[in-house]
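Data first, discussion second: the structure below is written as structure tokens.
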Amino acid sequence: MKKLINAPGSVVADALAGMAAAHPSLLVEGQVVRRSRPKEAGRVGLVSGGGSGHEPLHAGFVGYGMLDAACPGEIFTSPVPDQILAATEFAERGAGVLHIVKNYTGDVLNFELAAELREGGRVASVVVADDVAVKDSLYTAGRRGTGATLFVEKVAGALAEQGAPLDDVRRAAEEVGARSRSFGVALTSGTVPAAGRPTFDLPEDQVELGIGIHGEPGRSRRAHAPARELAEVAMDAVDGDLPLRGDLLVMVNGMGGTPLIELYVVFAEVAAYVRGKGARVARSLVGNYVTSLDMQGFSVSVCQVDERLTGLWDAPVETPGLRWGR
Amino acid sequence: MKKLINAPGSVVADALAGMAAAHPSLLVEGQVVRRSRPKEAGRVGLVSGGGSGHEPLHAGFVGYGMLDAACPGEIFTSPVPDQILAATEFAERGAGVLHIVKNYTGDVLNFELAAELREGGRVASVVVADDVAVKDSLYTAGRRGTGATLFVEKVAGALAEQGAPLDDVRRAAEEVGARSRSFGVALTSGTVPAAGRPTFDLPEDQVELGIGIHGEPGRSRRAHAPARELAEVAMDAVDGDLPLRGDLLVMVNGMGGTPLIELYVVFAEVAAYVRGKGARVARSLVGNYVTSLDMQGFSVSVCQVDERLTGLWDAPVETPGLRWGR
Amino acid sequence: MRAGFPAAWLAECARVVAAERERLTALDAAIGDADHGANLDRGFAEVRRALAAAPEADALVTAGTTLIRKVGGASGPLYGSLLRAMGAALGAQASPAEFAAAFTTGVEAVARLGRSAEGDKTMLDALWPAARALTDATGPQAPSGLPAPPGLSGSLEFPEISRLSAAEVFGRAATAARAGAAATVPMLARKGRASYLGERSVGHEDPGAASSALLVGALETVADEWGGG
Amino acid sequence: MRAGFPAAWLAECARVVAAERERLTALDAAIGDADHGANLDRGFAEVRRALAAAPEADALVTAGTTLIRKVGGASGPLYGSLLRAMGAALGAQASPAEFAAAFTTGVEAVARLGRSAEGDKTMLDALWPAARALTDATGPQAPSGLPAPPGLSGSLEFPEISRLSAAEVFGRAATAARAGAAATVPMLARKGRASYLGERSVGHEDPGAASSALLVGALETVADEWGGG
Ligand SMILES: Nc1ncnc2c1ncn2[C@@H]1O[C@H](COP(=O)(O)OP(=O)(O)O)[C@@H](O)[C@H]1O
Ligand SMILES: Nc1ncnc2c1ncn2[C@@H]1O[C@H](COP(=O)(O)OP(=O)(O)O)[C@@H](O)[C@H]1O
Ligand SMILES: [Mg+2]
Ligand SMILES: [Mg+2]
Ligand SMILES: [Mg+2]
Ligand SMILES: [Mg+2]
């Protein structure tokens, strides 16, 4: 597996240098990516982070209307408390900071440790766990946080920008998480640079169902099938967990190695499925947003939105990965 | 090679259905993608098109500040005159229409035939030929049109939106083309759906230099190397043809299967190269913009900009693939 | 030439292009963009439909227009122009020499549109030799450089007058086209996508030359349909 | 226990983790995210640096803090907490039983932070058996369920009093940890990334359990360093 890197050990640092060079709106310091212009004082700060390899998540969502800072860990490895702490300190503008955490043991633990270290600052936290492929249970690690993280960051970011207090921002973030579900399908494995070969082998005629965003194999394997069928499998899983109705925010997300033309093919099927259930695609996103290195495949994320959430989704955002309204 | 498609024969139609479903700002009719709200009357219309498989180019650049309509052909096959004619008729708002054509025999011929069919309408045409991998000569097909097409569409689109006359828009488009150079490197071949297997074989330790955007092999092959070296090869080729100086618009573009994290690694090297030549990255773009199906690799495109061109680049744009300022 | 000959030829073209689709695409994968087989197959399937829908119309003009309107790419307009120009030049009835002249007119149209010439490593490297072979086999000097008997030049039909049968004439054209296509292998491409490869275009047969050899070969296959009058 | 024992152990941990890095990553590739070897290797390299920079500091606490601060992922905080809690519980001098108790405190810290228990298919499935083996081998009942001679319980050192040498004690712990790691193979994961695989987690050894077995095994390797007083 060939990669455009200098060395496996320097991928994250090199990519962050590239981000800094490409986006004057960002500053990169000590593996923390932050806005070069801090947001207005008195607004809630937003910090997210997690392993690298999911670009543009999270660093690509730093900017007006979304995050104040992101702390990218090594590839697929959550950031460390120091990093999170530094990001949190930057994001503090006098109204407290919300940590947006994807539900993985490593992410949860490291953000918890960082929050503990942050004495004298108000830190709230929301854990995103939207992946319906994993059965939820008190006795397990629970569901993974995947595509809906983008929804949470966008909506909470808009609310924070409007000056809402920390509690409201946290509640909205939780609400978006609670209203969202995702399911992923892989055509190929990704390759972790340090590992140097694909994480799993997948025969030419098979696909993985219920994958996460760390190159891990899915819950099961099946024969490859037309986009229509694969979209149906994903949407059945989503709909079976949270029946589709009303207005939906729908994202068809590429896993990193799948070109846009294929994602649009999948989106056409997903949109048809939604219509078939009597629901409506109120807003949508098609592209590579929450990726898993160079894995080929897609995930679909759905959020049941109301007028307020749609308004927050539509609010201006200016980040490298998501931009509109300014 | 697995793909997220329904059938090789329906990829383009299915993807266009997905685009239409995802973007209320677009209308798709008879394999022409156009703005759902035509631009103000009295403005120059912009039409581009070419084979599919380069998404978001061109259909993803239809909207305010860029194209009025795009005509996607079959995969890697230029559109047919009827399509181009329909797009041209839509784009005519009383001030003439500019055809933005990538320099491939098929594209040039079909746009020419369409322009001939368009009796009684003013049609101008600009041919983009920015790829320095191909030696320019009167006796050959000439250079390919690749990444700079995006630059041309953006700048000409901004000027058209401002009400400039057809001649000025064409001249600006030509100027951007003349000031731009590109060079591409592939790590893997892409797979044309109808062909079903990779267009060429590339050993695990080799890369192709001087590729275009149709999955074709490059001018030569070399050993795979760190991103720094590959970026240098590409930049040497660009700089050797049009020495880097002053303010530059720089795009590090993914070929479709390369994840963003790697493109940022390349961008860091490209930015360092530019600095090393005493030039400046005035504006930049990092992402998958002018792709070649699922090929892994990158291309770099550079345009020497002045204040006027930078202003036109910065002007508001609202398309699925490029958006800022509104 | 029987009035139905062009339609029979085009039907055979559609058949052979479909049969050889993968090979054409593989040739295009080596030095182009891996779509030549798909393009032509799609195009000739449309031609078949168009001819079925309008059996009265001039088959060659209809086919050419269809290729221009439906195929895209380089080969769509080029083959489309070939057939349209040929159709325009060919009466409903034609002698072998008239057929050869019309074919030559078609090849000229390709060269004009493509701004290309023999030796550029394109379809013209099969089409020009075929055009010359047709002209030679049907002209006053036919079949082998001997002066044609006075009064027996190209305006008369094969079966009665020409010393070569339709199968022989088209066989010579097909052979010439195939040799021309094979001769593209060592060429350095100057036109079409293969030109982007520079030196690496050497050693591969041009896909358009290969498809041209198929289309000319189709003439030989349907030579029986030429008819007598 | 000699004062230098923890540092010797940690140095051996760094060595063995580097040596087994690929295997750990391969185990994580099967049911996790293919980074466990890279994570620990990076972490213990940092530990080595940190210990060299601050030779005076409490080696275990320094190492634990370093893992927490440098590794990330699940294993960073978990192993970091293990070492920190263990270091906090362990005096500069310690008897075998005190060492066992400190180790157990460390394992408890992992369980608390990870909200996990034996049988969840995690590092705890190697760590708990090791803790029990250490306790058993050094406690009043040691070595084999017989009552310890009065007055000879855990506050004294191996070489003089205990009926088991340091090598034997750590050997039992290492065996228990390896058996515990092997026992994760048939388990259904309830914690960590492997839990996302459901039934498909069955049939694979947990990478964290495998690395725990290495760390406990390292105790045996450096048993000579235990010292006498
Ligand atoms: N300028 C030209 N003149 C004549 N033939 C050409 C020219 N350019 C391309 N061709 C022919 O077209 C063929 C390629 O056709 P096709 O693959 O269908 O189109 P595209 O190159 O647009 O993908 C080439 O193999 C060559 O024979
Ligand atoms: N809740 C938990 N309790 C105890 N150990 C855990 C827990 N979650 C994960 N682990 C251990 O961590 C190991 C994975 O470590 P590592 O791969 O470095 O981190 P990550 O899972 O973040 O990629 C697992 O194999 C497991 O043994
Ligand atoms: Mg990890
Ligand atoms: Mg083509
Ligand atoms: Mg082609
Ligand atoms: Mg892991």
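Quick note on labels: first sequence line is chain A, next is B, and so on, each numbered from 1. FYI, side chains are in, hydrogens and waters are out, and symmetry mates aren't considered; it's all heavy atoms of this structure.
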Please check if the side chain of B/Y104 supplies one atom and the backbone of B/G145 the other of a donor-acceptor pair under 3.5 Å. yes
Which bit of B/I84 is near chain C, if near means a heavy-atom gap under 4.5 Å: side chain, backbone, both or neither? neither
C/R200 versus chain B, the contacting section by heavy-atom distance below 4.5 Å: side chain
Top contributor to chain B interface from C/K191, C/K70, C/R21, C/E199 [non-hydrogen pairs under 4.5 Å]: C/K191
Working for side chain to side chain contact (heavy atoms under 4.5 Å, CB included), residues B/F61 and B/L46: CA-CA 11 Å; B/F61 299 138; B/L46 256 61; over 6 Å; no
Report which part of B/Q31 has an atom under 4.5 Å of a heavy atom belonging to chain C: side chain, backbone, both, or neither. neither
Does B/N253 reach the main-chain N or O of B/Y289 with its side chain, forming a donor-acceptor pair under 3.5 Å? yes
Tell me whether C/T105 contacts the main-chain N or O of C/A85 through its side chain, where contact means a donor paired with an acceptor under 3.5 Å. no
State whether the side chain of B/N103 and the backbone N or O of B/A141 hold a donor-acceptor pair below 3.5 Å, judged by distance alone. yes
Check C/D125, C/D120, C/T122 against C/T184 for a side-chain contact (heavy atoms from CB on, under 4.5 Å) and give me the one that passes. C/D125
Please flag which part of B/P217 lies under 4.5 Å from any non-hydrogen atom of chain C: side chain, backbone, both or neither. both
Which bit of C/A38 is near chain B, if near means a heavy-atom gap under 4.5 Å: side chain, backbone, both or neither? side chain
Using heavy-atom distances under 4.5 Å, tell me whether C/A30 contacts chain B through its side chain, its backbone, both, or neither. backbone
For B/H58 and B/G49, indicate whether the former's side chain and the latter's backbone hold a donor-acceptor pair under 3.5 Å. yes
Given the options B/R197, B/Q83, B/R219, which has more heavy-atom pairs under 4.5 Å with chain C than any of the others? B/R219
Which one, C/T25, C/L78, C/L113, leads in non-hydrogen pairs under 4.5 Å with chain B? C/L113
Looking only at C/G32, C/G37, C/G76, most heavy-atom pairs under 4.5 Å shared with chain B are made by C/G32
Would you say NZ of B/K3 has more than 12 non-hydrogen atoms from neighbouring residues, nucleotides or ligands within 6.0 angstrom? yes
C/P96 pairs by side-chain contact (heavy atoms from CB on, under 4.5 Å) with which of C/L134, C/T138, C/T135? C/T138
Most heavy-atom pairs under 4.5 Å with chain C, out of B/E216, B/R143, B/R144, belong to B/R144
Would you say the side chain of B/I75 lies within less than 4.5 Å of the side chain of C/D35, judging by non-hydrogen atoms? no
B/S220 portion near chain C, given a 4.5 angstrom heavy-atom threshold: backbone
If you tally heavy-atom pairs under 4.5 Å between each of B/T191, B/V108, B/D131, B/N110 and chain C, the highest tally belongs to B/N110
Examine whether an atom of C/S195 lies under 4.5 Å from a heavy atom of chain B, and if so say whether it belongs to the side chain, the backbone or both; otherwise answer neither. both
Which residue out of C/A34, C/S201, C/A194 racks up the most heavy-atom pairs below 4.5 Å with chain B? C/A34
